[in-house]
Amino acid sequence: MPFNHNDHYHPLLLDLLPPGPGIALDVGCGTGRFARRLAATGMAVEAVDVSAAMVEAAAGLGSPGPGEIVYRQADVTTDALPEAHYDYISCLASLHHMPFETLAKLRRALVPGGVLVVLGLARPSTPVDWARAIAAVPVNALARLVVYAGERLNGGPEDGPKAPVVDDFPTMAEVRREAARLLPGSTVRPLFFWRTLITYREHGVGDPTGG
Ligand SMILES: C[S@@+](CC[C@H](N)C(=O)[O-])C[C@H]1O[C@@H](n2cnc3c(N)ncnc32)[C@H](O)[C@@H]1O
């Protein structure tokens with residue numbers, strides 16, 4: 001596997017866990033790499049993905065514990081998520097597969113004080129965004145080379161199902177606008193390697209979408 005831009009940010013996302021073990025939801029879990037990291041912190045993890053192949057592969061890899069992981073095939077846009085239930089909801093490289101309104105649903109699923117983190121892909125909007133995107137190109141090439149060399153030394157890359165690909169990403173400006181609308185008080189942080197991070201803590205007052 002080449003250098004994985006999403007996995008690179010796992011430690012940052014784990015730094016945003018609320019205190020206590022609690023219940024986590026990983027949306028668009030893929031083969032479950034982040035779900036397993038959440039379980040390793042002691043959280044009880046529900047990991048959902050619309051792809052049956054992804055869920056099967058993830059479930060086959062088990063859980064490192066101590067937290068239990070329940071994998072479930074579901075389309076999170078139509079699934080009846082429980083309200084005020086999760087202490088932590090993560091959505092890694094998945095939001096661009098769904099309408100932005102999904103954020104309002106994820107918000108409602110948080111307990112007061114719960115945290116939603118959305119690691120997303122976005123196209124540059126400003127000259128600063130463009131500079132950051134261009135600067136990532138040589139660093140990415142170097143990182144890929146290092147990972148490739150490591151894989152060769154360890155007997156080649158791991159096989160597994162490929163996640164469905166969507167090449168149409170929102171712009172940074174759209175991400176900022178929709179995060180402000182659907183998750184008031186959230187922060188949007190541009191990251192290296194063409195990623196953005198939306199962080200939201202539920203304060204438990206009303207729903208801006210009226211939903
Ligand atoms: C690019 S992959 C990211 C997988 C994983 N989060 C990671 O970081 O490796 C996007 C995942 O979102 C899933 N997905 C897309 N639309 C979805 C939906 N409506 N509900 C649940 N999962 C969805 C896809 O099946 C895919 O596994």
Side-chain angles (χ1 to χ4, degrees), residues 1-17 24-41 43 45-64 67 69-82 85-86 88-110 115-123 136 140 143-144 147 151 157-170 175 178 182 189 191-200 211:
M1 174 184 296
F3 173 62
N4 188 305
H5 306 120
N6 306 316
D7 294 10
H8 173 72
Y9 288 111
H10 285 182
L12 174 65
L13 302 176
L14 293 172
D15 279 349
L16 298 167
L17 285 177
L25 172 69
D26 188 37
V27 174
C29 64
T31 53
R33 286 191 304 281
F34 191 60
R36 288 189 289 281
R37 294 195 77 157
L38 287 171
T41 72
M43 294 199 95
V45 185
E46 203 179 308
V48 297
D49 200 290
V50 75
S51 157
M54 286 292 159
V55 171
E56 191 185 342
L61 290 166
S63 168
I69 308 178
V70 175
Y71 290 103
R72 196 158 63 81
Q73 184 196 359
D75 179 341
V76 80
T77 64
T78 53
D79 190 55
L81 286 182
H85 183 71
Y86 301 101
Y88 183 82
I89 300 179
S90 49
C91 185
L92 278 64
S94 307
L95 185 66
H96 62 285
H97 293 253
M98 307 166 199
F100 266 117
E101 299 298 324
T102 311
L103 291 177
K105 183 174 189 175
L106 299 182
R107 179 194 171 184
R108 290 195 294 273
L110 286 173
V115 174
L116 167 64
V117 292
V118 182
L119 181 71
L121 290 79
R123 288 182 283 125
N140 180 52
R144 286 175 73 103
V147 170
E151 284 176 347
E158 288 170 18
D159 268 348
K162 297 280 173 272
V165 173
V166 170
D167 285 331
D168 186 18
F169 310 124
V175 172
E178 294 300 308
L182 298 163
R189 183 170 157 194
L191 299 173
F192 213 57
F193 301 125
W194 314 287
R195 295 296 183 273
T196 59
L197 175 62
I198 305 174
T199 308
Y200 174 76

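Order of appearance sets the numbers: ligands from 1, and atoms from 1 within every ligand. Below, each value reflects all heavy atoms present in this structure, side chains not excepted, and no hydrogens, waters or symmetry copies.
- Annotation for ligand 1: atoms under 4.0 Å from non-hydrogen atoms of M54 are 27 (O).
- The shortest N or O to N or O distance between M98 and ligand 1 is not below 3.5 Å.
- If you check each of L95, V48, D49, T31 against atom 27 (O) of ligand 1, the one with the closest non-hydrogen atom is D49.
- Atoms of ligand 1 found under 4.0 Å from any heavy atom of L92 (numbered from 1 in listed order, with element): 3 (C), 5 (C), 6 (N), 8 (O).
- Using modelled atom types, one side-chain atom of R36 and one backbone atom of T31 make a donor-acceptor pair closer than 3.5 Å.
- For the pair N140 and H5, the minimum side-chain heavy-atom distance is below 4.5 Å.
- With a 4.5 Å cut-off on side-chain heavy atoms, D49 and D26 do not count as touching.
- Note: Y88 and F34 have tilted aromatic rings, judged against thresholds of 30 and 60 degrees for the angle between ring planes.
- By the 3.5 Å distance cut-off applied to N or O atoms, V76 is counted among the residues near ligand 1.
- Within the 4.5 Å cutoff, the side chain of V27 has heavy atoms near those of the M98 side chain.
- Annotation for ligand 1: atoms under 4.0 Å from non-hydrogen atoms of D75 are 18 (C), 19 (N), 20 (N).
- Side-chain contact between R33 and N4 is present, with at least one heavy-atom pair separated by less than 4.5 Å.
- Remark: the R107 side chain and the Y200 side chain contain an N/O donor-acceptor pair separated by less than 3.5 Å.
- The shortest N/O to N/O separation between R33 and ligand 1 falls below 3.5 Å.
- For the residues P99, A93, G28, the heavy atom positioned nearest atom 5 (C) of ligand 1 is part of G28.
- A74 counts as a contact of ligand 1, since one of its heavy atoms falls under 4.0 Å from the ligand.
- Those atoms of ligand 1 with a heavy atom of C29 less than 4.0 angstrom away are 5 (C).
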